[in-house]
Each structure stands twice: as structure tokens, then as C-alpha cells.
Amino acid sequence: QVQLAESGGGSVQPGGSLRLACVASGFSTNNKCVAWFRQAPGNEREGVAYAYFGSGGVSTYVADSVRARFSISRPYQNTVALQMNSLKPEDTAMYYCAAQSKGVCARSQAADFAYWGQGTQVTVSS
């Protein structure tokens, strides 16, 4: 059974940092696309960062809106992290991990992903 478990969310002041982790079980991230999405109340779910862990290396893509502040990595075999720096109030959202897209990784929409975690809340406020 495939499970994705996010952790690392919380409340932070503007300018602070958080590191989210997505641990995959029953599933290998090798040759798979794993992404982080976020959804704020009243907004659509938007892709924040994508990574494809191919046999020839890792390809990553981070959305323009957060590229200077967020990064995606795989610190352990089945753990994908989202490092978020210089957080802003507009980064407040529920953050979700998604895996195994049927499309091109960096251009995948939410509907393209087969597996989702339950999400972890990030709140940025003073």
C-alpha cells in the first residue's frame, strides 16, 4: 500500500524558514516524479516544486513565484524535502506531497498524480 506522509509544517514569522519532508512507503521514488503542491483557502491547488529521480540523475523544477526561496531535494532514498526560506504571509497554505505523475513531471497538474499525502499546514504570520 502506497502512503505519503508529510511533516515539518508549523507557524513561523515572516522571513523564517521551514523544511517539509515527505516520506514515501510502499513506493520507490526511483524513476518517479514527486512534487509539492500547496492550497490556500479559496484557491486552487498549485504546484510549487517538482523532482524526477531518474537513473541518470535528478531533474528539478521550482515554480517562478518561489524559485528564489524554495528548493526540492531527496535527502534519503524515500524522503523528498521542500526547503522554504524567507517565508512570506502569502506562503500560508496546506502543503501536499504528490507522487507518480502520468505526464511530464515539471508540467504536471494536480490531476496527473496518482498518490497524495494528507498535507501539512504552513502558517506565516507576525
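Here the structure is a predicted model, which means the values were calculated and not measured. Values below: every heavy atom of this structure, side chains too, minus hydrogens, waters and symmetry copies.
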### Query
Passes side chain to side chain contact (heavy atoms under 4.5 Å, CB included), Asn31 versus Ser55? Steps please.
CA-CA 7 Å; Asn31 299 309; Ser55 56; 4.1 Å; yes
### Query
What distance do Phe113 atom CZ and Leu4 atom CG have between them, rounded to the nearest 0.5 Å?
10.5 Å
### Query
Could you go step by step and tell me if Thr92 and Glu90 meet the side chain to side chain contact (heavy atoms under 4.5 Å, CB included) rule?
CA-CA 5 Å; Thr92 295; Glu90 52 263 44; over 6 Å; no
### Query
Mind checking whether Val80 and Ile72 have side chains closer than 4.5 Å, heavy atoms only?
yes
### Task
Taking all heavy atoms of Ser101 and all of Gly103, pick out the closest pair and write down the distance.
OG-N, 3.0 Å
### Query
With Glu46, which residues qualify under salt bridge (Lys or Arg N to Asp or Glu O under 4.0 Å), at least two apart?
Arg38
### Message
Would you call the rings of Phe37 and Tyr50 parallel, tilted or perpendicular, taking 30° and 60° as the class edges?
### Response
perpendicular
Output a table of donor-acceptor pairs, distance under 3.5 Å, between side-chain atoms of residues 8-20 and any protein atom two or more places apart or on a different chain; print 'none' if there are none.
| residue | atom | partner | partner atom | Å |
| --- | --- | --- | --- | --- |
| Ser17 | OG | Asn85 | OD1 | 3.0 |
| Arg19 | NH1 | Gln83 | OE1 | 3.4 |

#### Entry: Minimum heavy-atom distance between Tyr96 and Gly119, given as atom pair plus value
CD2-CA, 3.6 Å
### Query
Taking all atoms of both residues into account, what is the closest heavy-atom pair of Val104 and Ser108, and its distance?
O-OG, 2.7 Å
### Task
Using the test salt bridge (Lys or Arg N to Asp or Glu O under 4.0 Å), find all partners of Arg67 that sit at least two apart in sequence or belong to another chain.
Asp64
### Query
Do Val2 and Tyr76 sit in the same hydrophobic cluster, where Ile, Leu, Val, Met, Phe, Trp and Tyr count as joined when their side-chain heavy atoms come under 4.5 Å apart?
no
### Task
Report whether Tyr61 and Met84 are members of the same hydrophobic cluster (ILVMFWY, side-chain heavy atoms less than 4.5 Å apart, transitive linking).
no
### Query
On the ring face of Phe27, is Lys32 found with NZ or CZ under 6.0 Å from the centre and within 45° of the axis?
yes
### Query
What's the verdict on side chain to side chain contact (heavy atoms under 4.5 Å, CB included) for Val34 and Tyr52, showing C-alpha distance, side-chain angles and the deciding distance?
CA-CA 6 Å; Val34 181; Tyr52 183 81; over 6 Å; no
### Task
Can you measure from CG (Leu82) to CH2 (Trp36) and round to the nearest 0.5 angstrom?
6.0 Å
### Task
Can you run down the disulfide (SG to SG under 2.5 Å) pairs that involve residues 13-65, sequence neighbours left out, and say none if there aren't any?
Cys22-Cys97, Cys33-Cys105
### Message
Measuring from atom CD of Gln3 to atom OH of Tyr115, what distance do you get when rounded to the nearest 0.5 angstrom?
### Response
11.5 Å
### Task
Please list, chain by chain and in numerical order, all residues satisfying side-chain contact (heavy atoms from CB on, under 4.5 Å) with Gln77, sequence neighbours excluded.
Thr29, Asn30, Arg74
### Task
Check the surroundings of atom CD in Gln118: do more than 12 heavy atoms from other residues, nucleotides or ligands lie under 6.0 Å from it?
no
### Message
Surrounding CD of Gln109 (heavy atoms of other residues, nucleotides or ligands, distance under 6.0 Å), is the total greater than 12?
### Response
no
### Query
Mind checking whether Phe70 and Leu87 have side chains closer than 4.5 Å, heavy atoms only?
yes
### Message
For a quick test of reading the model, state the closest non-hydrogen atom pair linking Gln121 to Thr123 and the distance between them.
### Response
NE2-OG1, 3.4 Å
### Task
Please list, chain by chain and in numerical order, all residues satisfying salt bridge (Lys or Arg N to Asp or Glu O under 4.0 Å) with Arg69, sequence neighbours excluded.
Asp91
